[in-house]
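Beneath this line is the structure, given in structure tokens, with notes to follow.
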Number of protein chains: 2
Amino acid sequence: MVILPSPQQLRYLLALAEWRHFGRAASACAVTQSTLSAGILALERQLDVSLLDREVGKRVVFTLLGEEVIRRARVALEALEAISHVAQASREPMTGPMRLGVIPTIGPFILPRLIPLIREWFPQIRLIITEDMTERLLEKLTTGRLDVILLAMPCICEGLETVPLWRDPFVLAVPKSDALAKLPSVPLERLTEEPMVLLEDGHCLREQTVAVCRQGRDWGGSELESAHTASSLHTLVRMVGEGLGIGLLPGLAVDSGILEGTGVITRPVTGGPAWRTIGLGWRMRSPRTEDFRALAHTLKKLAPAEAEAALREDPVEV
Amino acid sequence: MVILPSPQQLRYLLALAEWRHFGRAASACAVTQSTLSAGILALERQLDVSLLDREVGKRVVFTLLGEEVIRRARVALEALEAISHVAQASREPMTGPMRLGVIPTIGPFILPRLIPLIREWFPQIRLIITEDMTERLLEKLTTGRLDVILLAMPCICEGLETVPLWRDPFVLAVPKSDALAKLPSVPLERLTEEPMVLLEDGHCLREQTVAVCRQGRDWGGSELESAHTASSLHTLVRMVGEGLGIGLLPGLAVDSGILEGTGVITRPVTGGPAWRTIGLGWRMRSPRTEDFRALAHTLKKLAPAEAEAALREDPVEV
DNA sequence: ATCATGTGATTGATAAAATCGATTGTTCGG
DNA sequence: CCGAACAATCGATTTTATCAATCACATGAT
């Protein structure tokens, strides 16, 4: 049987790696310097290797092996902490802080409904909300700075568990006076007749609307480059109102009143699938996986009835 | 600061999960039953949850949370053990058992040279060799039943670190009396003139030789189905000798004398790349990564001089 | 019904360890 | 050469892990 390093010793080692100073590392661990020193020594003695270079002066310099052990100690302690956390989450499900990330094309339109819903169903949950674009949300999620994110699916990111919540249909936004406004609905093919206003690069909604347009007709790079770009959906609507072009809007945004007082109206688009799927995602093997599954189940209540029904009938995601 | 479960307690839990019996689990851990019982109780008390269902009789039944904690305990203990192992590997590099897997189209031809080489360079290493096909080697590697494998690259398997060692050229094997035997070398295009003898499904060499043949000409499924199949390279050579068809052989096999006394001769193939790259692979983040890198460096000495040179000049792998 | 048996939990004693406060021995910078 | 800063060491104390023995409670055989 192998002698395992004690978690305490590993904590001391990580603190030392962080502070590079025995005294400060010790007070960070709430122990005396002698305790931490003894702990590091004991770890080195048990492993029968030296983790610190003690040659040069009194500075804290780790050996190559020391650095490697530090990396692995982080992993091991995280795994141990996860056991505590999963126990805590099971003891008191749906309590405590929950750091939720949300993309800018969902956040402003869903949060006014989402926050009261969570307060009602899970009053013990303290939501901490971050709004950012998909890529950076994923980075924050995988590095543990977020617990759970609300985004447009599909999301290709390994180690991520996602649940589709509902479909959000795209509708065409045109100025009241536009020719297309006279039609009851607009076929996909006609979307390229007029210039398009798109979101800035980085918004996944930009790529999704472009993909919808490309369904209708070959719509090359040149038109895309000449399109106007907006930094938010609110700006995009204003620009459509100013006659700079037409735009595709998520139904979610329209439902929450983004068009009010803008002179922009919407028409449904026909001739092909035109929606995005909104889903909830979290780190696979997160200690609070069960919490997040329950949250997803509750969040489905926020779907417009017909969107949820559509997803139920055809759960295969695009 | 969260209270972490002690590794010892987790070991008790895992033993209990394995034996489902306090007494037997205790002796497996070399402690008394009371110690193990107290350990489990202490773990439950510290986590403030119940891991065992103690309602029904005296049988050992885990709660759902218990099962989850057991899974995570396995991960955490592995991470802790990895720290011990990396320390041990650094303390005594290149010692102890090393479980090497090798595919059947490499093993018989390289092991007679590889084993003495390792005995000479790393006499402390105790090789334990397993021969199997790529897929099952990878499965054994990822589940920890092998430490390192020798295979044909590229190998698409995440979590695997691989190093290319040398190129092994394919040569054409034909009966001495065959028409192609009269040529000094054979262009790829002519490989499909005669029936081909291939290895059985599952050998990666089969797919590689088919890929080489396909370079020369469109060579569809029907010819493949009608090809003869051999269960080993030795059989394949015999079948070529019997006139059942021609075959592609790794130079490695030819160099080690597979053709002796068979009436089969070889010709180089021209008109396109015709080789496989042999590499060494191991679990990324294996505690003995440094050992394996050193091993790979040494194994390169087994390459025919020209093959290693080719790889040095053009290390980009196909 | 009764008792033997197998099981996990409990108890009290003992050995091992973690930790603390105080001290020692180095290494720099002035 | 001295003093400040720092890590290592020492001795005392508390805490923890472990053991052997025992208890409490099922189950099954008679």
Side-chain angles (χ1 to χ4, degrees), chain A residues 1-63 66 69-70 73 77 80 84, chain B residues 1-63 66 69-70 73 77 80 84:
Chain A
M1 192 77 77
V2 198
I3 296 175
L4 297 185
S6 91
Q8 191 72 315
Q9 290 168 356
L10 297 184
R11 279 214 274 227
Y12 293 164
L13 183 68
L14 290 193
L16 187 59
E18 185 175 357
W19 295 95
R20 307 207 157 243
H21 185 291
F22 277 70
R24 279 186 268 281
S27 42
C29 294
V31 294
T32 61
Q33 171 263 320
S34 74
T35 297
L36 188 129
S37 185
I40 300 287
L41 267 305
L43 183 61
E44 289 184 289
R45 182 171 42 78
Q46 286 168 19
L47 294 180
D48 192 17
V49 293
S50 53
L51 304 173
L52 286 164
D53 261 332
R54 291 186 175 75
E55 325 243 333
V56 270
K58 289 285 187 165
R59 278 176 309 146
V60 173
V61 179
F62 292 99
T63 61
V69 169
I70 287 167
L77 284 184
L80 288 175
S84 283
Chain B
M1 191 78 78
V2 198
I3 295 175
L4 297 184
S6 94
Q8 190 72 313
Q9 290 168 355
L10 298 185
R11 278 214 275 227
Y12 293 163
L13 183 67
L14 290 193
L16 187 58
E18 184 174 357
W19 296 96
R20 306 205 157 245
H21 183 291
F22 277 70
R24 279 186 269 280
S27 42
C29 295
V31 294
T32 61
Q33 172 263 320
S34 76
T35 297
L36 188 129
S37 185
I40 300 287
L41 267 306
L43 183 60
E44 289 185 289
R45 183 170 40 80
Q46 284 167 23
L47 294 180
D48 193 17
V49 293
S50 53
L51 304 173
L52 287 164
D53 262 333
R54 292 188 174 76
E55 325 244 334
V56 268
K58 289 286 186 169
R59 279 177 309 145
V60 172
V61 178
F62 292 99
T63 62
V69 169
I70 287 166
L77 284 183
L80 287 174
S84 283

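Values reported hereafter were calculated over all heavy atoms of this structure, with side chains retained and with hydrogens, waters and symmetry mates removed. The structure presented is a predicted model; accordingly, all values stated were derived computationally and were not measured. In what follows, every chain begins at residue 1, and chains take the letters A, B, ... in the order their sequences are listed.
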**Report entry** Expected output: side-chain B/Gln8 to main-chain B/Gly39 donor-acceptor under 3.5 Å
**Finding:** no

Query raised in the report: Is there side-chain contact between B/Leu52 and B/Leu16, with at least one heavy-atom pair below 4.5 Å?
Result: yes

Report summary line: So CD of A/Gln46 and CG of A/Leu41: to nearest 0.5 Å the spacing works out to 11.0 Å

Requested in this report: To the nearest Å, give me how far apart CZ (A/Arg24) and C1' (D/dA7) are.
Outcome: 13 Å

Query raised in the report: How long is the line joining CZ of B/Phe22 and C1' of C/dG6, in whole Å?
Result: 14 Å

Report task. Report yes if the side chains of A/Val31 and A/Tyr12 come closer than 4.5 Å at any heavy-atom pair, otherwise no. Result -> yes

Query raised in the report: Would you call A/Pro7 and B/Ser6 a side-chain contact if the rule is heavy atoms closer than 4.5 Å?
Result: no

Report task. Measure the spacing between CG of B/Asp48 and CG of B/Leu43 and express it to the nearest 0.5 Å. Result -> 11.5 Å

Query raised in the report: Given atom CG of B/Leu43 and atom C1' of C/dA9, what is their separation to the nearest angstrom?
Result: 16 Å

I'd like a list of close polar pairs between nucleotides 13-16 of chain C and the protein, N/O only, cut-off under 3.5 Å.
none

Requested in this report: May I ask you to say what B/Gly23 touches in the nucleic acid, namely base, sugar-phosphate or nothing, with a heavy-atom cut-off under 4.0 Å?
Outcome: sugar-phosphate

Query - Whole angstrom value for the distance that separates C1' of C/dT19 from CD1 of A/Ile40 - result: 15 Å

Query - Separation of C/dT10 P from B/Glu44 CD (nearest whole Å) - result: 11 Å

Query raised in the report: So how far off straight is the helix from C/dA1-D/dT30 to C/dG30-D/dC1, going by the axes through five pairs at either end, to 10°?
Result: 20°

Please produce a list of atom pairs where a protein N or O lies less than 3.5 Å from an N or O of nucleotides 15-21 of chain D.
{"from": "D/dT18", "atom 1": "OP1", "to": "B/Gln8", "atom 2": "NE2", "distance (Å)": "2.7"}
{"from": "D/dT18", "atom 1": "OP1", "to": "B/Tyr12", "atom 2": "OH", "distance (Å)": "3.4"}
{"from": "D/dT18", "atom 1": "OP2", "to": "B/Tyr12", "atom 2": "OH", "distance (Å)": "2.9"}
{"from": "D/dC19", "atom 1": "OP2", "to": "B/Thr32", "atom 2": "N", "distance (Å)": "2.9"}
{"from": "D/dC19", "atom 1": "OP2", "to": "B/Thr32", "atom 2": "OG1", "distance (Å)": "3.2"}
{"from": "D/dC19", "atom 1": "OP2", "to": "B/Thr35", "atom 2": "OG1", "distance (Å)": "2.6"}
{"from": "D/dA20", "atom 1": "N6", "to": "B/Ser34", "atom 2": "OG", "distance (Å)": "2.9"}

Query raised in the report: Any sub-3.5 Å donor-acceptor pair from A/Gln33's side-chain atoms to A/Phe22's backbone N or O?
Result: no

Query raised in the report: How long is the line joining NE2 of B/His21 and C1' of D/dA26, in whole Å?
Result: 14 Å

Query - Distance in angstrom units between A/Arg11 CZ and C/dA18 P, rounded - result: 14 Å

Query raised in the report: In whole angstroms, how far is the C1' atom of C/dT7 from the CZ atom of B/Arg20?
Result: 16 Å

Report task. To the nearest 0.5 angstrom, please state how far the CG atom of B/Leu36 sits from the CD atom of B/Gln9. Result -> 10.5 Å

Query - Spacing of CG belonging to A/Leu14 relative to CD1 belonging to A/Ile70, to within rounding of 0.5 Å - result: 7.0 Å

Query - Non-hydrogen side-chain atoms of B/Val69 and B/Phe62 separated by less than 4.5 Å - result: no

Query raised in the report: Is the backbone of B/Ala26 close enough, under 3.5 Å, to the side chain of B/Thr35 for a donor and an acceptor to pair up by distance?
Result: no

